[in-house]
Amino acid sequence: MRKLFNFLFKNRAILLFAVLELICGIMVVNSRQYQQAQYFNSSAEVAAKILTASQNTENYFRLRDANLQLAKENARLRTLIEKLGKNIPANTDSTAPNPFEFISAKVVNNTTALFRNFITIDKGSRDGVKPGMAVTGPNGIVGKVKAVSDSYAVVISLLNFDEHVSAAISRTGNFGTIRWDGVSPDRIKLLYLPRHSSIWSGDTVVTSGFNAIFPPDLPVGIVREVQLKDNDLFYDVSVELSQDFSRLQFVDVIFSRDASQIDSLRKIVEKP
Amino acid sequence: MTRSLVFIPVSFIVFLLLQVMLLQRIVLFDTAFCLAYAGFILFAPMEISTVVLMLMGFGFGLSLDLFQNSAGVHASATVLLAFVRNYWLEFISPLGGYDAAGADSYDAHGLVWLLTYVAPLLLIHHFILFYVEAGGFHMFWTTFGKVFFSFLFTLTVLLLYRLFTGSRR
């Protein structure tokens, strides 16, 4: 027994090293699984407050940029209203609740150069934000809420290996999945688009609305490169993101009224 | 020892706040990160034992992970850095050993010694950090670019920091 203790004491450095690295490894693996988001994160009150303090200074220098972005978004929305104004269906039920609601939030922290990027925003469970909600920027979708605290939330950015969103080519309605490949923060890949579908460089990619989290037809980006090798089942599509993630200052969290109903229906259907 | 008791918590907070509020936001060309927080372990007093140093590294790494939502990534790299540091210090000890001055003696042996001390440790730290973040070697060259350019960036910043603030006797 004494020998054992002696051995442990003699090698305490390497043993502690092994234990600590094991703990780190377990944390790394677990935190990357979407369901197990309960690790401490930057939505923690103290961390988020510190990040807010430094972001505020930065925001001050980027006011001009923020103004320009908002003006552009205004213009885009006005054009949309003009377009829609002419063909709103006559029998719209005005009492039907809007299936999606938007909560505006300020970006407190944002990275784009890592392989797994996250965005911290200043709205939390107190404002009705829940994990799983969709987040969109002024020009296109941004990601999904991963974890919330009382007044902050962490959003898993589209620029993250672990994030998948269902998207469609707006011209044809063919759909696939978008996932970042980690190369450039303004390009994303559209995966699983079958080879029989038609796709051109310049096509617009939008959310498909299949997952009940994102409303359909939100802008994602524009197709820039299309490749199809002889043996491939799917296209290799590179999409230019319409949202510039490095300039993200304000985002909207999308609250979907129907998400819980659709989810429970799906669960019933999928039960054997 | 009493010196360390004050020095460690203070430098913990200073390095952490500096990293989170300033350095983390500076990324050159989407590849070069400034991870100067490694200085917390690298320039901790020489007499600290490996066990204590690893616990310090673990605590610091996890605190930083909290801000980056990267549970365990920074911690794994800082723990390794802390584990290797004292062995490396011993290995490159100048003839006659280090003087008993403790914390301040990093600047006593000249720039070449400082470079041989800092550079390999920093490279190991960056290597582990970026490949753990990438989750493997499948993006080998992109990740390697990040390792290399961040290494140059951090090394420059740390040496400048040492040149301007390092106390001399």
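Letters A, B, ... mirror the listed sequences (proteins, then strands); counts begin at 1.
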Quick one: are [X] and [Y] in side-chain contact, heavy atoms under 4.5 Å?
X: B:R25; Y: A:N109; value: yes
X: B:F58; Y: A:C24; value: yes
X: A:T111; Y: B:V27; value: no
X: A:M27; Y: B:D65; value: no

Could you look at B:F33 and say if it's the side chain, the backbone, both or neither that has a heavy atom under 4.5 Å from chain A?
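Contact with chain A involves the side chain of B:F33 alone.
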Compare every heavy atom of [Y] with every heavy atom of [X], then report the nearest pair and how far apart it is.
X: A:R116; Y: B:E133; value: NH1-O, 2.6 Å
X: A:V28; Y: B:G72; value: CG2-C, 3.6 Å
X: A:A13; Y: B:Y87; value: CB-OH, 4.3 Å
X: A:G182; Y: B:T142; value: O-CG2, 4.3 Å
X: B:L80; Y: A:E21; value: N-OE2, 3.4 Å
X: B:M54; Y: A:L20; value: O-CD1, 3.9 Å

So which residue, A:L15, A:T112, A:I14, A:L114, ends up with the most heavy-atom pairs under 4.5 Å with chain B?
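The option with the most such pairs is A:L114.
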CG-CG distance between B:L55 and A:L16, expressed to the nearest 0.5 angstrom
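If we round to the nearest 0.5 Å, B:L55:CG and A:L16:CG are 5.0 Å apart.
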If I take atom CG from residue B:L16 and atom CD1 from residue A:I50, how far apart are they, to the nearest 0.5 angstrom?
7.0 Å
Residue [X] versus chain B: region with a heavy atom under 4.5 Å:
X: A:F161; result: side chain
X: A:D181; result: backbone
X: A:V108; result: backbone

Criterion side-chain contact (heavy atoms from CB on, under 4.5 Å) against A:F17, the qualifying member of B:T50, B:V51, B:V79:
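Only one of B:T50, B:V51, B:V79 forms a side-chain contact (heavy atoms from CB on, under 4.5 Å) with A:F17, namely B:V79.
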How about A:F115 and B:H138: are their ring centroids closer than 6.0 Å?
no
Would you check, one step at a time, whether the test side chain to side chain contact (heavy atoms under 4.5 Å, CB included) holds for A:L51 with B:F67?
CA-CA 8 Å; A:L51 290 170; B:F67 288 91; 3.8 Å; yes
